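To start, the structure itself, in structure tokens.
Just so it is clear, the model here is predicted, and its values are computed rather than measured.
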Amino acid sequence: AIRQTYELTGRFDILVNNAAWVRYQAITDIAPETLERMLDVGLKAVIWSLQEAAAVMDPQRGGVIVNVASVAALRSAVNSVVYSTIKSGLLGLTRAAAAELGARNIRVNAVCPSAIPTEGTQRNRNVERDAQRVARTPLGRLGTVQDIARAICFLASDEAGFITAQALTVDGGITFTNL
């Protein structure tokens, strides 16, 4: 898709890596096929898309890559060892890619959302858990898809032109407070 976009338009300026296939399981219950699928979607695909984007981004115009990690990379929960590992890996990947691609005028950052209600996350959500999250969140609400999109748009914009290798936590304050 990246190569096709480049061939159709003659440029490729922004890549947002936002993919996950998630199964929350106890360490003792992790099956090899679950681990492989989560790694394939959540980490390997990011590396391959980052590699392709870097190949077509023009060093004169530069480019921006934003990886969607998670607050699970910063503060984990029970039954999330694989998910937390992948999202932590995305932060390391973000920093390493920023160091390597900066000379090509490519900025690489990450956003770390908290639990955001989306169609894709409905299978892992419940009303009681969401109410507990709201109660522990200083801003008193769950985040929205728009909250995350705005953070990504900021990091992709010229206003963030001197920001790279960073992880922006977008969570209403829940990760770094103790309510």
Query raised in the report: Could you walk me through whether Arg133 and Glu128 pass the salt bridge (Lys or Arg N to Asp or Glu O under 4.0 Å) check?
Result: CA-CA 9 Å; Arg133 285 184 178 122; Glu128 183 179 305; over 6 Å; no
Requested in this report: Would you check if the side chain of Arg104 reaches a backbone N or O of Ala54 as a donor-acceptor pair within less than 3.5 Å?
Outcome: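 Side chain of Arg104 to backbone of Ala54, a donor-acceptor pair under 3.5 Å: yes, one is there.
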Report task. Keeping the roles fixed (side chain from Lys44, backbone from Met38), state whether a donor-acceptor pair exists under 3.5 Å. Result ->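 Here the side-chain-to-backbone pair does not exist.
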How far does [atom1] of [X] sit from [atom2] of [Y], to the nearest 0.5 angstrom?
X      : Y      : atom1 : atom2 : value
Gln51  : Ile2   : CD    : CD1   : 10.0 Å
Arg107 : Met57  : CZ    : CE    : 10.0 Å
Asp58  : Arg11  : CG    : CZ    : 8.0 Å
Leu43  : Ser88  : CG    : OG    : 10.5 Å
Phe154 : Asn109 : CZ    : CG    : 9.0 Å
Asp147 : Leu139 : CG    : CG    : 9.0 Å

List the atom of [X], the atom of [Y], and the distance in Å for their closest heavy-atom pair.
X      : Y      : result
Val64  : Val66  : CG1-CG2, 3.9 Å
Val134 : Gly140 : CG1-O, 3.4 Å
Ala115 : Leu142 : O-CD2, 4.3 Å
Pro117 : Val145 : O-CG2, 4.1 Å
Ala53  : Ile65  : CB-CD1, 4.5 Å
Val46  : Gly42  : CG2-O, 3.6 Å

Query raised in the report: Is there a side-chain hydrogen bond (donor to acceptor under 3.5 Å, both in side chains) between Ser76 and Ser80 once you walk through the steps?
Result: CA-CA 7 Å; Ser76 199; Ser80 68; 2.9 Å; yes
Query raised in the report: Under 4.5 Å between side-chain heavy atoms, hopping through other hydrophobics if needed: is there a path connecting Leu93 to Val111?
Result: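 Result: no, two separate clusters.
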Query raised in the report: Is there a chain of hydrophobic side chains (I, L, V, M, F, W, Y, each step under 4.5 Å between heavy atoms) that links Ile116 to Leu90?
Result: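 Different hydrophobic clusters.
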Query raised in the report: Near Glu100 CD, under 6.0 Å, is it more than 12 heavy atoms from other residues, nucleotides or ligands?
Result: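 Check fails, neighbour count at 12 or below.
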Report task. Look at atom CD of Glu7 and say whether more than 12 heavy atoms of other residues, nucleotides or ligands are closer to it than 6.0 Å. Result ->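 Buried by this count: over 12 neighbours within 6.0 Å.
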Close side-chain approach of [X] to [Y], heavy-atom, < 4.5 Å:
X      : Y      : value
Pro59  : Asn105 : no
Pro113 : Val68  : yes
Asp171 : Thr137 : no

Requested in this report: Using the test side chain to side chain contact (heavy atoms under 4.5 Å, CB included), find all partners of Phe176 that sit at least two apart in sequence or belong to another chain.
Outcome: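 Residues passing side chain to side chain contact (heavy atoms under 4.5 Å, CB included) with Phe176: Leu74, Thr169.
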Report task. Determine, step by step, whether Ile106 and Thr164 satisfy the side chain to side chain contact (heavy atoms under 4.5 Å, CB included) criterion, reporting the C-alpha distance in whole Å, the side-chain angles of both residues, the deciding distance to 0.1 Å, and the verdict. Result -> CA-CA 9 Å; Ile106 298 172; Thr164 195; over 6 Å; no
Report task. Under the salt bridge (Lys or Arg N to Asp or Glu O under 4.0 Å) rule, what do Arg61 and Asp13 come out as? Steps first, then yes or no, please. Result -> CA-CA 8 Å; Arg61 282 194 307 265; Asp13 302 313; 3.7 Å; yes
Can you list, pair by pair, the side-chain donor-acceptor contacts under 3.5 Å of residues 14-34, counting residues two or more places apart and other chains?
unit_1: Asn17; atom_1: OD1; unit_2: Ser49; atom_2: OG; d: 2.5
unit_1: Asn17; atom_1: ND2; unit_2: Asn67; atom_2: OD1; d: 2.8

**Report entry** Criterion side chain to side chain contact (heavy atoms under 4.5 Å, CB included) on Asp130 and Asn126, from CA distance to verdict
**Finding:** CA-CA 6 Å; Asp130 283 350; Asn126 69 54; over 6 Å; no
